[in-house]
Amino acid sequence: MRRRTWLAVFVCVLLCCPLLPAAENNINPALSGLPEDITFWSDYPADMLADAIVARMTDEELLAQILMFGWAGQEPSVLLNTWVSERGLGSVKVFGWNTDNTMQVAESITSLQKLAMSRRFQIPLYVATDQEGGWIRHVKGDTCETPGNLAIGASGYPSDAWYSGYYISRELRALGINMNFAPTVDVFTNLDSTVIGPRSFGSSPEFCGVLGAAFSAGSLEAGVLTTAKHYPGHGDTSLDSHGKLPEIDIDMDTLLNRELIPFKYLIKEKIPAIMTGHLGFPQILPNGEPASLSKYFITDILRDTLGFEGLVITDDMMMNGATLYAGSLSAAVRMAIEAGNDIIISSTTAQLNEALWRNNLALMRSSEVFRAQVQRAARRVLHSKLVYFKGKNPVPLYPDKNLIPDLIPDKEGKEFFFQQACRSITVTESSGIPYEPQNGERILLVGQFEQFFQEGKRRYPDSNFFKFDYQMGPIQTDWMGNRLVSFVSDYDTIIFSVADSPSAQVAERIKNSGKKILIISSMSPVPAFDLDWADALIFTYSYAPVSFQAAFAVLAGEFNAQGTMPVTGVTE
């Protein structure tokens, strides 16, 4: 009752900082008498300046403004620099493969923004990343490792969501990253999901909406734009759209009253952007068209029915879920634009003469309808940038490298995330709690994550360990199970980390060993649902160090766990 009351009050008082107002779809062909030398930074109202600049942009500049490219390697490539300096690329994305050195990330962003400022209109870049918290943490280095969304759902406090967004975004701000592809508001519906799982806030659509809105509000307070994903909902499938198009076999009524509920909350709170997912809904679109390429889903439902006025951004177009249906990357980009997306993402930098550029630029010149669609998208992107970068609290274009060691990791954030991890811990079997080893008791730590072993050894220095891989195949799982059965005979107590189905299967092999078995579940709780035979069953929802610290503290009886299971299908 305490948490639900908190939620009700929070919905009433939740106020985001000023967000991006609606941009008009129609471009004013008359340039309003503005001077020829106007730039993005000229002192005119956003509507007027957006109209004037977009009307003066070349076809190349219009198309480039709605593209977002990532890059491989520590530094932006010559190719990416060329896209920014010569074509006016509108946005870039920082992926997880080039972020171990946060100083280098800041230097790269500075160099790209300077290239953007060297062009005639001086339009700054949107610089985005995926820093959801928990499992998905693309900017690594010294940034905080957090408990994640499902742990927030277990704590039940919107304030935990708000401060999670706030502290994550303060670190992004220090690096010059001004847009975050978070929060993930997919409803945890399919318990077999391996692509969403702990990225969700839980199984309640309303809960996901409230917590997602709180996360967004905290992020915006730190000055970082947020992007709700994956519209219209990725939670009812076990497939990953990187490999093939997942199909969600639900009707329109279920979609409106389950998957779309969180997005309705966020649209009401004026979320700046929404990401479209490469997802099939065969009962709604029998032709197999992905939602990300669908005018019906994006323009008719998201814009016209739900009233969303912010930016619509595609998920990575390099995913097979988009290109297999379209036939080619070039065709997928065209369909995404025609459907109503404003920013098109590619995880890799396109070659200068690649078909996605060449073919769509040619279509702009032969089809006024297509050119007008590109122009409307570019205008919406430009208008949102004008409002954001000239607003009260934008991320600085050029991060101060001298401040990064003091800002990352966020010192307040580290303390908060430990406290939040403690609030999230859920216990469903407690006969073995508190655990107090006897003199000479032989303890074995079993699991996959180094963070688990580090905390276990800190607590029980004389313990031994048995390690296996995360996400084992069937043969390796069987072999590890057989090996563990013979290994545990020398121990009295087994403390076992379960993170996925294979590790749960290994745990089952020692069910009747006669040993005291204490299980700590991380990541999705679902694989551990049937391990209620253990002497203790503790859920953390994350492999972050703070989550294991909190779990071991509960095991030792240092505090009583207050978290509740955020996923339906199990009783506390």
Side-chain angles (χ1 to χ4, degrees), residues 20-21 23-25 27-28 31-32 34-71 76 79-94 108-128 176-179 223-225 227 272-273 310-313 337 341-346 349-350 352 357 360-361 364 371 373-391 393-399:
L20 310 181
E24 296 296 329
N25 284 331
I27 308 301
N28 182 2
L31 303 187
S32 307
L34 298 186
E36 287 297 319
D37 61 350
I38 58 169
T39 71
F40 180 92
W41 305 102
S42 298
D43 189 16
Y44 295 101
D47 284 333
M48 182 184 299
L49 194 55
D51 282 347
I53 292 177
V54 168
R56 297 175 187 186
M57 292 172 83
T58 65
D59 287 352
E60 289 85 353
E61 288 172 322
L62 290 170
L63 184 57
Q65 189 59 213
I66 69 172
L67 297 177
M68 175 183 285
F69 291 155
W71 74 92
L79 179 61
L80 181 63
N81 288 336
T82 302
W83 270 97
V84 176
S85 62
E86 296 185 11
R87 288 187 172 169
L89 184 71
S91 307
V92 296
K93 184 180 177 188
V94 179
S108 298
I109 290 170
T110 295
S111 68
L112 289 167
Q113 290 286 22
K114 286 182 176 178
L115 288 176
M117 290 302 100
S118 71
R119 291 185 53 81
R120 60 170 179 153
F121 290 125
Q122 300 176 25
I123 302 171
L125 296 163
Y126 274 147
V127 181
I177 296 171
N178 49 49
M179 178 179 285
V224 174
L225 298 175
T227 308
L311 296 175
V312 180
I313 305 174
I337 295 169
N341 290 280
D342 301 307
I343 294 179
I344 317 298
I345 298 178
S346 171
T349 304
L352 294 177
W357 174 260
N360 286 291
L361 189 62
M364 287 180 68
R371 185 181 188 280
Q373 188 71 46
V374 173
Q375 191 179 47
R376 280 192 291 271
R379 200 272 186 191
R380 188 177 281 113
V381 172
L382 180 59
H383 186 271
S384 71
K385 288 182 177 182
L386 286 164
V387 173
Y388 171 70
F389 285 107
K390 294 184 176 183
N393 191 33
V395 171
L397 294 186
Y398 312 124

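Just so it is clear, the model here is predicted, and its values are computed rather than measured.
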**OP:** Give a yes or no answer on whether the side chain of Tyr388 reaches the backbone of Gly223 with a donor-acceptor pair at less than 3.5 Å.
**Re:** yes
Original post:
Hey, which of Lys385, Arg379, Glu60 is the one that makes side-chain hydrogen bond (donor to acceptor under 3.5 Å, both in side chains) with Gln65?
Top reply: Lys385
Original post:
Do the side chain of Thr39 and the main chain of Trp41 share a donor and acceptor less than 3.5 angstrom apart?
Top reply: yes
Subject >> Separation of Asp51 CG from Tyr44 OH (nearest 0.5 Å) >> reply: 14.0 Å
Original post:
Is there a side-chain contact between Val127 and Leu112, using heavy atoms and a 4.5 Å cut-off?
Top reply: no
**OP:** Write down the atom of Leu34, the atom of Ala52, and the distance for their closest heavy-atom approach.
**Re:** CD1-CB, 3.5 Å
**OP:** Could you pull out all residues at least two apart from Glu86 that satisfy salt bridge (charged side-chain N to carboxylate O under 4.0 Å, His left out)?
**Re:** none
**OP:** Can you sort out the partners of Gln373 under side-chain contact (heavy atoms from CB on, under 4.5 Å), two or more places apart, ordered by chain and number?
**Re:** Ile337, Arg376
**OP:** Could you walk me through whether Asn178 and Leu225 pass the side chain to side chain contact (heavy atoms under 4.5 Å, CB included) test, one step at a time?
**Re:** CA-CA 6 Å; Asn178 49 49; Leu225 298 175; 5.7 Å; no
**OP:** Using the side chain to side chain contact (heavy atoms under 4.5 Å, CB included) rule, take Val381 and Met68 through it: C-alpha gap first, then chi angles, then the decisive distance, then the call.
**Re:** CA-CA 11 Å; Val381 172; Met68 175 183 285; over 6 Å; no
Original post:
Got a second to check how far Tyr126's OH is from Met179's CE, nearest 0.5 Å?
Top reply: 5.0 Å
**OP:** Under the salt bridge (charged side-chain N to carboxylate O under 4.0 Å, His left out) rule, collect the residues that match up with Arg371, sequence neighbours excluded.
**Re:** Asp59
Subject >> Nearest-0.5 Å distance that lies between atom CG in Leu125 and atom CD1 in Ile177 >> reply: 12.5 Å
**OP:** Enter the distance from Phe389:CZ to Leu397:CG here, rounded to the nearest 0.5 Å.
**Re:** 5.5 Å
Subject >> Derivation and outcome, side chain to side chain contact (heavy atoms under 4.5 Å, CB included), residues Glu61 and Ile123 >> reply: CA-CA 11 Å; Glu61 288 172 322; Ile123 302 171; over 6 Å; no
**OP:** Quick one: closest heavy-atom pair of Pro399 and Thr110, and the distance?
**Re:** CD-OG1, 3.2 Å
Original post:
Do you know which of Thr349, Asn81, Val84 makes side chain to side chain contact (heavy atoms under 4.5 Å, CB included) with Leu89?
Top reply: Val84
Original post:
Should we count NZ of Lys114 as having more than 12 external heavy atoms under 6.0 Å?
Top reply: no
**OP:** Report the distance from atom CG of Leu49 to atom CG of Leu382, rounding to the nearest 0.5 Å.
**Re:** 7.0 Å
Subject >> Contact summary for Ala273 and Ile313, nearest pair of heavy atoms >> reply: CB-CD1, 3.9 Å
Original post:
Is there a side-chain contact between Leu67 and Ser346, using heavy atoms and a 4.5 Å cut-off?
Top reply: no
Subject >> Contacts of type side-chain contact (heavy atoms from CB on, under 4.5 Å), residue Ser85, not counting sequence neighbours >> reply: Leu115
Subject >> Close side-chain approach of Ile343 to Lys93, heavy-atom, < 4.5 Å >> reply: no
Subject >> Under the side-chain contact (heavy atoms from CB on, under 4.5 Å) test, residues paired with Arg87 that sit two or more places apart >> reply: Ala64, Trp83, Leu352, Trp357
Subject >> Counterpart residues, side-chain contact (heavy atoms from CB on, under 4.5 Å), relative to Pro45 (two or more places apart) >> reply: Met48
**OP:** Mind checking the CG-CG spacing from Leu361 to Leu62? Nearest 0.5 Å is all I need.
**Re:** 10.0 Å
